[in-house]
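This report refers to the structure that appears directly beneath it.
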Amino acid sequence: MAEISALPPVLNHIAGEDRPAASGATMDLVNPATGAVHRSAPRSAASDTDAACRAAETALARWSLTTPAERQQALLRIADALEEHADALVAAEVGDTGKQPHQFRNDELPAVIDTFRFFAGAARNLPGAVAAEYTEGRTSLLRREPVGVCAQITPWNYPLMMAAWKVAPALAAGNTSVLKPADTTPSSSAVLARVAAEHLPPGVLNVICGDRDTGRSLTAHPVPRLVAVTGSVRAGQEIAAAAAADLKRVHLELGGNAPVIVHDDVDVEATAAELAAVAYYNAGQDCTAPTRFLVHRRVHDAFVAAFSACTQSLRTAGPEEPADYGPVNSATQLASVTRLLARLPNHAEVVAGGTAPERPGWFHSPTVVVGLRQSDELVQEEIFGPVVTVQSFSDEDEALQLANGVRFGLAASVWTMRHDVAMRATRALHTGIVWVNTHGTTVSEMPHGGVKHSGYGSDLSLAGLLDYTQAKHVML
């Protein structure tokens with residue numbers, strides 16, 4: 001892996017050029033594995049946002065008229081270039097997040113590259129083509145056209161992957177983009193901008209770094225016609241409200257609190273081991289992470305014992321040490337996790353973990369909490385850390401009621417050997433994704449999105465591509 005100190009500085013990328021913030025303002029980037037400042041990034045203001053949006057607007061006039069084949073070739077070249085720059089991308093992402101380098105290189109980076117390759121093909125396969133006579137003497141055609149300039153805001157848990165999920169479909173559909181990465185993790189997006197610039201006209205992809213105020217100025221800018229964000233419910237609500245003032249389209253992938261229904265016919269130890277490997281990946285900082293375990297009362301105690309035993313073998317450490325997962329993203333996020341645990345009601349019990357080791361950086365042990373009630377805060381709220389809860393249920397109906405009894409609706413999984421039980425769950429669960437006897441796997445061909453407070457709109461798949469288009473009826 002390349003050293004992050006050997007990478008070019010993090011800068012904005014506007015109209016094909018790397019630039020500091022116009023004011024010269026910067027913000028510190030802190031390595032969460034050490035708690036130490038390791039580099040800086042621009043703190044962009046409204047003038048930087050305006051420059052990026054105007055550059056995207058100028059580029060749109062040409063890019064929106066390119067053929068699908070031209071856009072396909074550009075995205076394929078970007079995918080190839082990302083493979084060639086793998087070492088720089090690993091260094092950038094690991095430096096900002098503290099992730100295990102092998103996990104990012106082997107799990108996440110291939111998915112990023114596949115996203116660009118999938119949407120390269122999808123650019124030439126837009127669904128919904130129509131040419132027909134719906135009234136006598138007139139032929140109707142349906143065109144799918146780009147929305148325009150897209151403002152895209154990504155989170156800190158999967159910085160490069162979420163940038164790919166946003167940028168690839170937008171560009172494939174003929175839009176241009178202004179991307180604002182999370183304030184704590186902009187380094188891999190800056191590398192992406194430089195790599196993509198070799199294969200895109202200036203202004204097609206612009207990246208501006210900054211804080212919440214930067215994001216607000218981007219959302220409020222009059223040029224973008226669509227705002228796409230992956231983030232918290234609070235952020236999504238603020239952005240939707242701001243976008244409504246200008247009637248911008250909004251695409252939201254927000255929080256999750258995924259239920260995991262474990263029935264009494266499973267292999268308890270095998271199921272516990274498989275779920276433990278998924279639940280603590282990326283320190284549990286995943287909106288689809290298995291968080292709320294709902295286990296049939298007949299196997300509840302055995303499952304808790306097996307799962308807790310699995311956590312004892314898990315190791316959390318920084319990228320310089322072999323480990324199963326790294327730190328949480330920031331001191332603020334670690335404080336959020338520890339506060340939730342500190343407020344546990346008396347009827348709840350921590351049966352594994354529950355502590356933050358005394359060492360530099362922002363680490364937390366893998367934690368299991370039992371005895372909670374449905375109304376308890378730790379059940380109702382997204383934890384976004386290496387903490388899972390376990391509740392028991394008596395029958396299928398109760399399991400589904402508990403699973404659906406939160407405001408989130410992104411993902412869920414059901415574990416059973418009975419086909420009828422699994423199929424009833426896939427229909428009854430109020431989520432955008434349901435896994436059966438597995439959890440967490442995504443593929444570019446299938447949509448990723450939620451319902452309720454988990455947002456609306458789809459990432460990935462042809463549905464994700466359509467979200468970046470608008471329909472036009474032409475009658476002759």
For Pro181, the option from Ser188, Pro159, Ser189 that meets side-chain contact (heavy atoms from CB on, under 4.5 Å): Ser189

Salt bridge present between Arg124 and Glu70 (N-O < 4.0 angstrom): no

Residues Arg117 and Asp80 bridged, charged N to O under 4.0 Å: yes

Flag side-chain contact, heavy atom, 4.5 Å: Thr34 against Asn31: yes

Side chain Ser217, main chain Thr214, donor-acceptor under 3.5 Å: yes

Aromatic Phe363 / basic Arg359 pairing, under 6.0 angstrom, 45° off normal: yes

Side chain to side chain contact (heavy atoms under 4.5 Å, CB included) involving Gln374 - partner list, sequence neighbours excluded: Arg292, Val379, Gln380, Gln391, Leu402, Val406

Derivation and outcome, side-chain contact (heavy atoms from CB on, under 4.5 Å), residues Val328 and Phe384: CA-CA 9 Å; Val328 296; Phe384 225 63; over 6 Å; no

Side chains of Val223 and Val178 in contact at under 4.5 Å (non-hydrogen atoms): no

Side-chain donor-acceptor contact under 3.5 Å, Tyr281 with Asp107: yes

Minimum-distance pair of heavy atoms, taken over all atoms of Leu89 and Phe104: O-CE2, 3.7 Å

Interatomic spacing from CD in Glu381 to CG in Asp376 - rounded to 0.5 Å: 11.5 Å

Check against salt bridge (charged side-chain N to carboxylate O under 4.0 Å, His left out), Glu17 and Arg194: CA-CA 9 Å; Glu17 298 178 349; Arg194 292 191 188 99; over 6 Å; no

Cys209/Val10 under side-chain contact (heavy atoms from CB on, under 4.5 Å): CA gap, chis, key distance, verdict: CA-CA 9 Å; Cys209 305; Val10 178; 3.8 Å; yes

Trace of the salt bridge (charged side-chain N to carboxylate O under 4.0 Å, His left out) decision for Arg249 with Asp467: CA-CA 10 Å; Arg249 286 171 57 176; Asp467 278 358; 5.4 Å; no

Candidate pair Val337 and Val387, rule side-chain contact (heavy atoms from CB on, under 4.5 Å), full reasoning: CA-CA 8 Å; Val337 173; Val387 179; 3.9 Å; yes

Backbone N/O of Thr367 and side chain of Tyr280: donor-acceptor pair under 3.5 Å: yes

Val207 side chain reached by Asn12 side chain, heavy atoms, under 4.5 Å: no

Residue pair Thr115 / Ala164: nearest heavy atoms and the distance that separates them: CG2-O, 3.6 Å

Interatomic spacing from CG in Asp114 to CG in Leu82 - rounded to 0.5 Å: 12.0 Å

Contact check, side chains of Leu460 and Pro447, non-hydrogen atoms, under 4.5 Å: no

Name every donor-acceptor pair, under 3.5 Å, that has one atom in a side chain of residues 283-291 and the other anywhere in the protein, sequence neighbours excluded.
| from | atom 1 | to | atom 2 | distance (Å) |
| --- | --- | --- | --- | --- |
| Gln285 | OE1 | Asn329 | N | 2.8 |
| Gln285 | NE2 | Asn282 | O | 3.2 |
| Asp286 | OD1 | Thr288 | N | 2.8 |
| Asp286 | OD1 | Thr288 | OG1 | 2.8 |
| Asp286 | OD2 | Tyr158 | OH | 2.9 |
| Thr291 | OG1 | Ala289 | O | 2.9 |

Single hit among Ile78, Leu76, Leu75 for side-chain contact (heavy atoms from CB on, under 4.5 Å) with His199: Ile78

Reported CD-to-NE2 distance for the pair Glu198 and His85, which is rounded to 0.5 angstrom: 7.5 Å

Close side-chain approach of Pro224 and Lys248, heavy atoms under 4.5 Å: yes

Closest heavy-atom pair and its distance - Pro222, Arg54: CG-NH2, 4.3 Å

Arg39 (side chain) donor-acceptor with Leu29 (main chain) under 3.5 angstrom: no

Donor-acceptor pair between Ser40 and Thr26 side chains, under 3.5 angstrom: no

Step-by-step side-chain contact (heavy atoms from CB on, under 4.5 Å) determination, Thr154 to Thr230: CA-CA 5 Å; Thr154 51; Thr230 297; 5.7 Å; no

Output field: ring centroids Trp165/Phe116 closer than 6.0 Å: no

Polar contact flag, side-chain donor to acceptor under 3.5 angstrom, Ser140-His473: yes

Polar side chain donor-acceptor pair, Asp96 to His38, under 3.5 angstrom: yes

Sidechain N-carboxylate O distance under 4.0 Å for Arg138, Glu133: no

Set of salt bridge (charged side-chain N to carboxylate O under 4.0 Å, His left out) partners for Arg43, sequence neighbours left out: Asp211

Exam field: side chain Asp183 to backbone Gly210, donor-acceptor pair closer than 3.5 Å: no

Backbone of Gln103 reached by a side-chain donor or acceptor of Asn106 within 3.5 Å: no

Side chains of Gln333 and Trp156 in contact at under 4.5 Å (non-hydrogen atoms): yes

His251 side-chain N/O to Ser458 backbone N/O, donor-acceptor pair under 3.5 Å: yes

Validation row: Met161, Glu93 side chains within 4.5 angstrom (heavy atoms): no

Electrostatic pair Asp459:Lys166 at N-O distance under 4.0 angstrom: yes

Main-chain N/O of Leu171 paired to Asn175 side chain as donor or acceptor, under 3.5 Å: no

Over 12 foreign heavy atoms within 6.0 Å of CZ, Arg143: no

Ser232 side, atom OG; Leu252 side, atom CG - distance, nearest 0.5 Å: 10.5 Å

Side chain Asp18, main chain Leu11, donor-acceptor under 3.5 Å: no

Residues Arg315 and Glu321 bridged, charged N to O under 4.0 Å: yes

From CD (Glu445) to CZ (Phe118), nearest 0.5 Å: 5.5 Å

Glu238 with Arg216: basic N within carboxylate O range, under 4.0 Å: yes

Side-chain donor or acceptor of Lys180 paired with backbone N/O of Gln152 under 3.5 Å: no

Within 6.0 Å of CZ in Arg343, more than 12 heavy atoms from elsewhere: yes

Beyond-backbone contact of Leu466 with Leu126, side-chain heavy atoms, under 4.5 angstrom: yes

N/O donor-acceptor pair under 3.5 Å between Gln470 side chain and Pro146 backbone: yes

Atom pair CG (Asp50) and CD (Glu57), whose distance is rounded to the nearest 0.5 Å: 9.5 Å

